[in-house]
Amino acid sequence: MYALVDCNNFYASCERVFQPRLMGRPVVVLSNNDGCVIARSQEAKDLDIPMGAHYHTWEAAFRRNNVIVCSSNYPLYGDMSARVMTVLKEFSPHVEVYSIDESFLSLHHVPVADLLRYGQRMRQTVAKHVGMPVGAGIAATKTLAKVASKLSKQHNGVCVLHPQAKAEEVLATFPVSKVWGIGGRYARFLQGHEISTALDLCHAKDSWIQQHLSIVGLRTVMELRGTPCLSLEEVAPRKQVIAVSRTFRNAVKDYTALSEALATYTARAAEKLRAQQCGCTIIKVHVATNIYQDGLSQYGNSATVSFALPTDYTPRLVKAAVQGLKTIYRPGYAYKIAGVYFMGLVAEEEGSQLDLFNTPTPAPSRALMKCMDRINGEHGRGTLKLAAEGGTQPWRMRQKHLSQRYTTRWNEVLKVGV
DNA sequence: TCTGGGGTCCTAGGACCC
DNA sequence: TCTGGGGTCCTAGGACCC
């Protein structure tokens, strides 16, 4: 049996852990640049604030209803996530961290009769040790565990779907659009063919499913029928693409600012690259104006630069990014977004083809990167940076309602009784 | 005024090889 | 002059996830 454990309203709950005054009140967390709502507490959901609500159109309503507004605080959420996952690992030797707020656990070591109690104990332990409310869905396949997890809210936080018992009953009332792996497009298509519940989907013909939803969709259907097709992925595979892309607070016209931003994103992507012990052979930069704004002259373009040898050396990568930018920058446009992609990633231990005309990164440069990563890890991102990243960085994103990084910065630790 | 960011996988079709 | 069969690799586009 598999369990899916997911945190309730994760970002909003993280904010609450260190600000108890937010308990019982509507809380929303905003996207980068404080653009739109990306997480809501239950109270906020009860106010019918939709996911993706634009802050500026809702600002007045938020004020009227005493809604607490938070900018997203990823250092805090990332650390809280790690804490939850650490607790969960005490409950199973096999855990797949699926996303920042969800994990799949193998519960094959737990007797079927004990599953419900076991799930409750997981919930209580996470709540006690981390302060995070979680729910659990337990079933024979990952897809069914996902179904169970959606139902867990009506069952004191834990729902067990036993293989033989009443699975049909449950699936008959479960909308096909909420099935894991069925997105908006497929849901509309299926409804057009009179498939509106998970049970209808189970009864569809395999060949028809594969024809229209590909092999991936067929796997989903098999899993709904109780046949496991997706195994637990305990070690996260190395990423094939690393992307860092941001919209700017205010549009940027200036080449220097654009180049600083891209250098900063490249440095961040290079940190991620080194963290997964890879080198990069292709770097792509892109810039674009605001596509949402009518009446503005629009422009967007991207440029790709390749390396003869894979590299993870920030200065070399930044140089390539800037070189790419030079070929696509057009003066006179108001740029709203810029980003960098690293592709063609090669694992370090795989080694690389030697090249007659290029030398690999020399040892002192590698040591320098290691040193930078450590200092920035301990003292905060950007403590050490390249001059190319710029000083004041006026293009940085808007975060007007940012909470403290309670768990990762000594000078932002919660103070009690002062 | 203003609309997030970061990923994965599959398929079809074209170019090319022997 | 026309014909066959079996492949690989790459890219673009479309679907999905959180």
Side-chain angles (χ1 to χ4, degrees), chain A residues 4-11 28-39 50-60 70-74 77-78 81 96-104 142-143 146 149-150 176-190 209-221 223 229-230 233 236-251 261 265 268-269 271-273 275-276 282 284 286 288-296 302 304 334 336-345 396-400:
Chain A
L4 176 75
V5 179
D6 76 323
C7 302
N8 301 337
N9 316 321
F10 181 59
Y11 295 170
V28 298
V29 178
L30 303 177
S31 65
N32 284 346
N33 278 316
D34 295 344
C36 58
V37 172
I38 55 168
M51 197 69 164
H54 296 166
Y55 179 45
H56 67 102
T57 53
W58 281 78
E59 203 176 350
C70 303
S71 301
S72 31
N73 186 343
Y74 287 103
Y77 309 153
S81 170
E96 171 187 342
V97 176
Y98 175 67
S99 75
I100 195 165
D101 69 339
E102 288 170 65
S103 266
F104 286 104
K142 288 167 89 174
T143 305
K146 274 276 199 181
S149 127
K150 297 228 172 179
V176 75
S177 58
K178 288 192 177 174
V179 171
W180 186 45
I182 305 297
R185 267 318 232 290
Y186 284 165
R188 246 174 297 142
F189 169 79
L190 291 170
I209 292 292
Q210 176 156 4
Q211 187 190 342
H212 293 102
L213 277 66
S214 89
I215 188 76
V216 184
L218 184 56
R219 263 182 228 135
T220 295
V221 175
E223 286 241 323
C229 297
L230 306 170
E233 290 180 33
R238 285 200 177 85
K239 293 192 194 339
Q240 300 170 21
V241 173
I242 290 175
V244 177
S245 169
R246 296 279 181 277
T247 44
F248 300 124
R249 174 186 351 206
N250 301 117
Y265 305 160
R268 174 69 194 118
E271 281 176 12
K272 295 189 192 180
L273 186 68
Q276 68 166 21
I282 301 164
K284 182 171 161 184
H286 74 94
T289 51
N290 191 349
I291 54 163
Y292 297 108
Q293 206 155 9
D294 295 333
L296 213 66
S302 66
T304 307
K336 188 64 179 172
I337 186 166
V340 51
Y341 290 83
F342 288 180
M343 299 172 300
L345 307 188
R396 282 198 91 88
M397 63 193 184
R398 186 180 294 131
Q399 290 183 302
K400 248 171 81 186

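Computed over heavy atoms, backbone and side chain alike; hydrogens, waters and symmetry mates excluded. In what follows, every chain begins at residue 1, and chains take the letters A, B, ... in the order their sequences are listed.
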Worksheet item: Would a distance-only check, ignoring hydrogens and angles, find a side-chain to backbone donor-acceptor pair under 3.5 Å from A:Asn32 to A:Arg246?
Response: no
Item to complete: Assess the pair A:Tyr77 and A:Tyr74: is the distance between their ring centroids shorter than 6.0 Å?
Response: yes
Fill in: Atom-to-atom span, CG of A:Asp101 to P of C:dC18 - whole angstrom
9 Å
Fill in: A:Lys400 side chain near B:dT1 phosphate (N/O to OP1/OP2, under 4.0 Å)
no
Worksheet item: Between residues 177-185 of chain A and DNA chain C, which residues have a heavy-atom gap below 4.0 Å?
Response: A:Val179, A:Trp180, A:Gly181, A:Ile182, A:Gly183, A:Gly184, A:Arg185
Worksheet item: Between A:Phe248 and A:Ala338, what is the shortest heavy-atom contact and its length?
Response: CZ-CB, 3.7 Å
Fill in: Rounded interatomic separation in angstrom, taking CG from A:Leu4 and C1' from C:dC17
13 Å
Practice prompt. Provide, to the nearest angstrom, the distance between the CG atom belonging to A:Leu30 and the C1' atom belonging to B:dC2.
Written response: 13 Å
Item to complete: Round to a whole Å and report the spacing from CD of A:Glu102 to C1' of C:dC16.
Response: 14 Å
Item to complete: Indicate for each nucleotide in nucleotides 3-15 of chain B, in 5' to 3' sequence, whether protein heavy atoms under 4.0 Å reach the base (B), only the sugar-phosphate (S), or nothing (-).
Response: BSSSSSSSS----
Worksheet item: Would a distance-only check, ignoring hydrogens and angles, find a side-chain to backbone donor-acceptor pair under 3.5 Å from A:Asn33 to A:Arg398?
Response: yes
Practice prompt. Taking the side chain as every heavy atom from C-beta outward, state whether A:Phe342 and A:Lys239 have any atom pair closer than 4.5 Å.
Written response: no
Worksheet item: Rounded to whole angstroms, how far apart are CZ on A:Phe104 and P on C:dC17?
Response: 12 Å
Discussion item. Measuring only between side-chain heavy atoms, which start at C-beta, is A:Ile100 closer than 4.5 Å to A:Tyr11?
Written reply: yes
Worksheet entry | Flag, side chain of A:Lys336 to backbone of A:Arg249, donor-acceptor distance under 3.5 Å | yes
Item to complete: Answer yes or no: is there a donor N or O on one side and an acceptor on the other, between the side chain of A:Asn290 and the main chain of A:Ala251, under 3.5 Å?
Response: no
Worksheet item: So, do A:Gln399 and A:Leu30 sit near enough that their side-chain heavy atoms are less than 4.5 Å apart?
Response: no
Item to complete: Would you mind classifying the nucleic acid contact of A:Tyr55 as base, sugar-phosphate or nothing, using non-hydrogen atoms under 4.0 angstrom?
Response: nothing
Discussion item. I need the minimum non-hydrogen distance between A:Ala187 and A:Ile182, along with the two atoms involved.
Written reply: N-CG2, 3.7 Å
Discussion item. For the NZ atom on A:Lys272, are there more than 12 heavy atoms of other groups (residues, nucleotides or ligands in this structure) within a distance under 6.0 Å?
Written reply: yes
Fill in: Between B:dT3 and C:dC18 - P atom distance, rounded Å
25 Å
Response to the item:
Writing each nucleotide of DNA chain B 5' to 3' as (, ), [, ], | or . by Watson-Crick or G-U pairing under 3.5 Å yields ....||||||||||||||
